[in-house]
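Here is the structure we will look at.
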Amino acid sequence: MKGFINATIVTPIGKSAVKGTAMGCLTTINNGAVAVSDDGIITYVGDQKAMPACGETVDLGGRVLLPGFVDSHTHAVFGGFRPDEFRMRLEGRSYMDIMNAGGGIQSTVDATRKASADELLHSLDFFIRRMSEAGVTTVEIKSGYGLDTATERKMLEVTAKAKERYAGRIGIESTFLGAHAVPREYAGRTAEYTDLIINEMLPEFRGLASNCDVFCERGVFELDDSRRLMEAARALGYNVKFHADEIVQLGGAELAASLGALSADHLLHVSDEGIRAMAASGTVATCLPPTAFALREPYAPARKMIDAGCAVALATDLNPGSCFSGSIPLTIALACIYMNMSVEETVTALTLNGAAALGIAHRVGTIEPGKEANFAVLAFDSINFLPYYVAMNCVESTYYKGQKIS
């Protein structure tokens, strides 16, 4: 058994998402201690004077001990990069200009189809190491740059291999996102491509992904196709998630809530009705501030959603196009400075609520007995340093199942 002593423990509490202003209520234990079993499960949390005897102890010197961060929305497996496209955006080129120049999601689809599984896994290794350094102990990885059965399978198999390779370093949750875009070979035939996903991909990938996602957006997968796709996924046992109301106010949040989705993500243009529906249903509203920042778009109305009783999560949206960033420090800074979230709400959004957005809050996301011993140790004695050290990494060390990984 291992013990962590002399810690300032700061954590939300619970096995499900925290909603509304309760997100700002964290448990703080000064002079705290945590005991961890040999298999990486927390067995004690409280005053260090009452901690059971441990064979090894780690003295944290009064520093903050947080639950490991959960990055619940990434696209970290892909082929190729798009820096020239980013430069074009900086120069004022429109999305359609970039598409006509051969950029956009289709360029990543082409590169991912060409890449070998080993090449994709090697690229992912780069991101995993940097996630760990920033205190991330659980990450969701989506497919969605194949848009055909063979390449979607390849992406999901790479994620499965990564889950095995990094089993002692980070938890990985897999999401199937074949409905990320309509591939060029199905241009103008969205319903047919949706049929392909429903009839071929969903049944084939049940053992490779726990979740199914859809880019529910005007001109991509609109409400009818999104509904029938997600009803089919749910019938096969997938948890469902939505990219919703990112570009226009389509009603994706309302649809997600009506289907009992784990989360609706992006939400830059969510309606008041959508906010009320998510608050009533328990669907987690996942905000991705680095994407809005990179695209110079208004941020999702996190303050409004919290005040209306939603459970809000935060994630990076790491991807090769709209947001080539997996920065937790940037996410924290944007949430606190521009989205009017308190530091406490931000911590909850990146831990317990992020876990709930993946359906795993029963085992990760807080520092409580019975949960995995996944921790981010700050270099400071207060969580107020998280936004104060602006967009810089406050994490001194990361522990996964009780073992130091960075």
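Positions are given from 1, in the same order as the sequence printed here.
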Would you confirm whether [X], through its side chain, and [Y], through its main-chain N or O, come within 3.5 Å as a donor-acceptor pair?
{"X": "Asp47", "Y": "Gly32", "result": "no"}
{"X": "Ser258", "Y": "Leu255", "result": "yes"}
{"X": "Glu56", "Y": "Gly3", "result": "no"}
{"X": "Arg63", "Y": "Phe380", "result": "no"}
{"X": "Lys154", "Y": "Ala115", "result": "yes"}
{"X": "Thr28", "Y": "Val10", "result": "no"}
{"X": "Arg130", "Y": "Phe126", "result": "yes"}
{"X": "Asp245", "Y": "Leu250", "result": "yes"}
{"X": "Asp381", "Y": "Gly62", "result": "no"}

So which heavy atom on [X] is nearest to which on [Y], and how close?
{"X": "Glu204", "Y": "Arg153", "result": "OE2-NE, 2.8 Å"}
{"X": "Thr283", "Y": "Gly260", "result": "OG1-C, 4.2 Å"}
{"X": "Ala111", "Y": "Gly79", "result": "CB-O, 3.3 Å"}
{"X": "Met278", "Y": "Cys310", "result": "CB-SG, 4.0 Å"}
{"X": "Met341", "Y": "Ala302", "result": "SD-CB, 3.8 Å"}
{"X": "Asn353", "Y": "Ala17", "result": "OD1-CA, 3.4 Å"}

Distance (rounded to the nearest 0.5 Å) between [X] [atom1] and [Y] [atom2]:
{"X": "Thr74", "Y": "Asp317", "atom1": "OG1", "atom2": "CG", "result": "8.5 Å"}
{"X": "Leu318", "Y": "Glu140", "atom1": "CG", "atom2": "CD", "result": "11.0 Å"}
{"X": "His266", "Y": "Thr291", "atom1": "NE2", "atom2": "OG1", "result": "5.5 Å"}
{"X": "Met23", "Y": "Glu345", "atom1": "CE", "atom2": "CD", "result": "5.5 Å"}
{"X": "Thr112", "Y": "His75", "atom1": "OG1", "atom2": "NE2", "result": "12.0 Å"}
{"X": "Asn211", "Y": "Leu177", "atom1": "CG", "atom2": "CG", "result": "11.0 Å"}

Side-chain donor-acceptor pair present, Ser210, Asn239, cut-off under 3.5 Å: no
Side-chain donor-acceptor pair present, Glu152, Ser143, cut-off under 3.5 Å: yes
Salt bridge (Lys or Arg N to Asp or Glu O under 4.0 Å) partners of Glu133, counting only residues at least two apart: none
Salt bridge check: are [X] and [Y] linked by an N-O gap of less than 4.0 Å?
{"X": "Arg87", "Y": "Glu91", "result": "yes"}
{"X": "Arg227", "Y": "Glu254", "result": "no"}
{"X": "Arg184", "Y": "Asp110", "result": "yes"}
{"X": "Arg89", "Y": "Glu297", "result": "no"}
{"X": "Lys163", "Y": "Glu157", "result": "no"}
{"X": "Asp195", "Y": "Arg228", "result": "yes"}

Step through the shown structure and confirm whether more than 12 heavy atoms of other residues, nucleotides or ligands are within 6.0 Å of [atom1] on [X].
{"X": "Asp125", "atom1": "CG", "result": "yes"}
{"X": "His122", "atom1": "NE2", "result": "no"}
{"X": "Phe293", "atom1": "CZ", "result": "no"}

Stepwise side chain to side chain donor-acceptor pair (under 3.5 Å) test for Ser37 and Asp39: CA-CA 5 Å; Ser37 67; Asp39 59 352; 2.2 Å; yes
Derivation and outcome, side chain to side chain contact (heavy atoms under 4.5 Å, CB included), residues Lys241 and Ser263: CA-CA 5 Å; Lys241 298 168 69 69; Ser263 71; 2.7 Å; yes
Worked check of salt bridge (Lys or Arg N to Asp or Glu O under 4.0 Å) between Arg113 and Glu119: CA-CA 11 Å; Arg113 288 178 176 180; Glu119 288 170 334; over 6 Å; no
Side chain proximity check, Thr351 to Pro12, heavy atoms < 4.5 angstrom: yes
Identify, with sequence neighbours excluded, every residue that meets ring-ring contact (aromatic ring centres under 6.0 Å, His included) alongside [X].
{"X": "Phe86", "value": "none"}
{"X": "Tyr388", "value": "Phe385"}
{"X": "Phe176", "value": "Phe205"}
{"X": "Phe375", "value": "Phe4"}

Candidate pair Asp307 and Thr21, rule side chain to side chain contact (heavy atoms under 4.5 Å, CB included), full reasoning: CA-CA 6 Å; Asp307 291 343; Thr21 54; 4.1 Å; yes
Stepwise side chain to side chain donor-acceptor pair (under 3.5 Å) test for Thr151 and Asp148: CA-CA 6 Å; Thr151 313; Asp148 61 29; 2.7 Å; yes
Tyr186/Leu196 under side chain to side chain contact (heavy atoms under 4.5 Å, CB included): CA gap, chis, key distance, verdict: CA-CA 10 Å; Tyr186 279 88; Leu196 175 69; 3.8 Å; yes
Identified side chain to side chain contact (heavy atoms under 4.5 Å, CB included) counterpart of Cys287 within the set Val312, Leu334, Leu268: Val312
Result of checking Phe78, Tyr193, Tyr145, Phe221 against His180 for ring pair (Phe, Tyr, Trp, His ring centres under 6.0 Å): Tyr145
CA sep, side-chain torsions, deciding dist, call: His243, Asp265, side chain to side chain donor-acceptor pair (under 3.5 Å): CA-CA 5 Å; His243 284 56; Asp265 302 17; 5.9 Å; no
Evaluation steps, side chain to side chain contact (heavy atoms under 4.5 Å, CB included), between Lys142 and Asp213: CA-CA 8 Å; Lys142 302 179 190 294; Asp213 200 344; 2.8 Å; yes
Inter- and intrachain pairs under salt bridge (Lys or Arg N to Asp or Glu O under 4.0 Å), touching residues 271-286, at least two apart: Asp272-Lys304, Glu273-Arg276
